[in-house]
Amino acid sequence: MTAPLMQLRGLTKRYGESVVFGDVDMDVHPGEFIAVVGESGVGKSTLLNCMAGLDTWDAGTVTHRGADLGAMDDKARAIWRRSHVGFVFQAFHVLPHLDVAQNVALPLMLLEHNDAARVRAMLQSVGLGEMGARLPQELSGGQLQRVAIARALVHKPPLLLADEPTGNLDPRPPRASWIC
Ligand SMILES: Nc1ncnc2c1ncn2[C@@H]1O[C@H](COP(=O)(O)OP(=O)(O)O)[C@@H](O)[C@H]1O
Ligand SMILES: [Mg+2]
């Protein structure tokens, strides 16, 4: 098997005396699909946030191709995240004052790699080809979730982290085929 993209070793997260998770080991290989399953409150979102370097932990390490996320400062972690991670947040976190196309284009903008054709293709692939000029407030929950998915994939990140990404979606995908 190829070298892991990401490795968690002994990862532990506490809030005060309460342990959210302890001593978690995990390898994520390129192309691998991993589902983290458990009832609400067991720490799924917290784990994903740690893997994205959006949250801190109390013990253990998170490494990406050997680079230790815990050793980076906030700025280095943010720069790492821009090019390596796509994150679908459960609560979408779209920016309300940007239209749908601008929201999807954000990761490309941060990488100084504007690509309007790629943004259009992503919107098309999630069935929102006609809605690029709309504001988020004009979309349904399921449509917003698709905006969040398009935004997470637009820059072709090697690591896609998705926090309950299908809760608001229809059982069948939109007619246009999905692209990655
Ligand atoms: N800021 C916080 N302070 C204290 N406890 C928290 C905080 N954030 C989350 N928790 C607790 O951490 C646990 C894991 O939360 P979370 O990762 O959101 O679970 P899940 O995504 O599996 O539903 C929960 O029991 C929650 O109450
Ligand atoms: Mg959660």
Side-chain angles (χ1 to χ4, degrees), residues 4-64 67-96 98 100 103-104 106-107 110 122 126 128 136-137 139-155 157-174 178 180:
L5 183 71
M6 187 153 242
Q7 285 189 308
L8 277 50
R9 289 292 177 268
L11 200 69
T12 299
K13 173 77 178 177
R14 292 184 213 101
Y15 286 111
E17 294 297 297
S18 145
V19 176
V20 181
F21 48 77
D23 215 14
V24 173
D25 291 344
M26 179 160 76
D27 286 1
V28 183
H29 289 89
E32 196 172 15
F33 179 97
I34 297 175
V36 180
V37 181
E39 58 196 37
S40 117
V42 295
K44 304 179 296 293
S45 297
T46 308
L47 183 72
L48 291 181
N49 286 330
C50 289
M51 291 175 74
L54 289 166
D55 201 350
T56 56
W57 49 91
D58 298 286
T61 55
V62 178
T63 55
H64 174 265
D68 183 354
L69 252 64
M72 297 179 192
D73 62 18
D74 286 349
K75 188 174 173 200
R77 241 191 322 267
I79 290 170
W80 166 80
R81 195 163 43 240
R82 272 179 208 171
S83 46
H84 293 97
V85 180
F87 203 115
V88 184
F89 295 97
Q90 189 171 5
F92 316 137
H93 293 318
V94 294
L95 299 186
L98 298 185
V100 163
N103 266 285
V104 171
L106 258 181
L110 290 172
M122 285 311 307
V126 296
L128 297 177
Q137 69 197 37
L139 266 58
S140 72
Q143 289 170 330
L144 284 176
Q145 188 139 46
R146 287 186 266 153
V147 173
I149 291 169
R151 182 183 56 188
L153 291 170
V154 72
H155 54 312
L159 179 67
L160 176 67
L161 298 168
D163 195 356
E164 307 206 23
T166 57
N168 287 291
L169 296 184
D170 304 313
R172 271 157 33 106
W178 287 66
C180 288

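Indexing begins at 1, ligand by ligand and atom by atom, following the structure's order.
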Between Asn49 (side chain) and Leu54 (backbone), is there a donor-acceptor pair under 3.5 Å? no
Distance-only, no hydrogens or angles: does the Arg146 side chain make a donor-acceptor pair with backbone N or O of Val126 under 3.5 Å? yes
Just jot down the ligand 1 atoms closer than 4.0 angstrom to any heavy atom of Val20, in number order. 12 (O), 13 (C), 14 (C)
Please identify which atoms of ligand 1 are closer than 4.0 Å to at least one heavy atom of Ser40. 23 (O)
With heavy-atom distances below 4.5 Å as the criterion, would you say the side chains of Phe89 and Asp163 are in contact? no
Using a distance threshold of 2.8 Å, state whether an N, O or S atom of Ser45 lies below it from the Mg ion (ligand 2). yes
Is there a side-chain contact between Leu110 and His155, using heavy atoms and a 4.5 Å cut-off? no
Between Leu69 and Arg77, which heavy-atom pair has the shortest distance, and what is it? O-NH1, 2.9 Å
For atom 26 (C) of ligand 1, decide whether some protein heavy-atom distance is shorter than 4.0 Å. no
Would you tell me which option among Gly16, Ser45, Ser18 has the nearest heavy-atom contact to atom 18 (O) of ligand 1? Ser45
Nearest non-hydrogen contact to atom 24 (C) of ligand 1 from the set Gly41, Gly38, Gly43, Cys50 belongs to Gly41
What residue and atom, counting heavy atoms only, is the protein's closest point to atom 4 (C) of ligand 1, and at what distance? Tyr15 CG, 3.3 Å
Given Thr63, Asp27, Thr61, the one that forms side-chain hydrogen bond (donor to acceptor under 3.5 Å, both in side chains) with Arg9: Asp27
Nearest heavy atom to atom 15 (O) of ligand 1: which of Thr46, Asp163, Asp55 does it belong to? Thr46
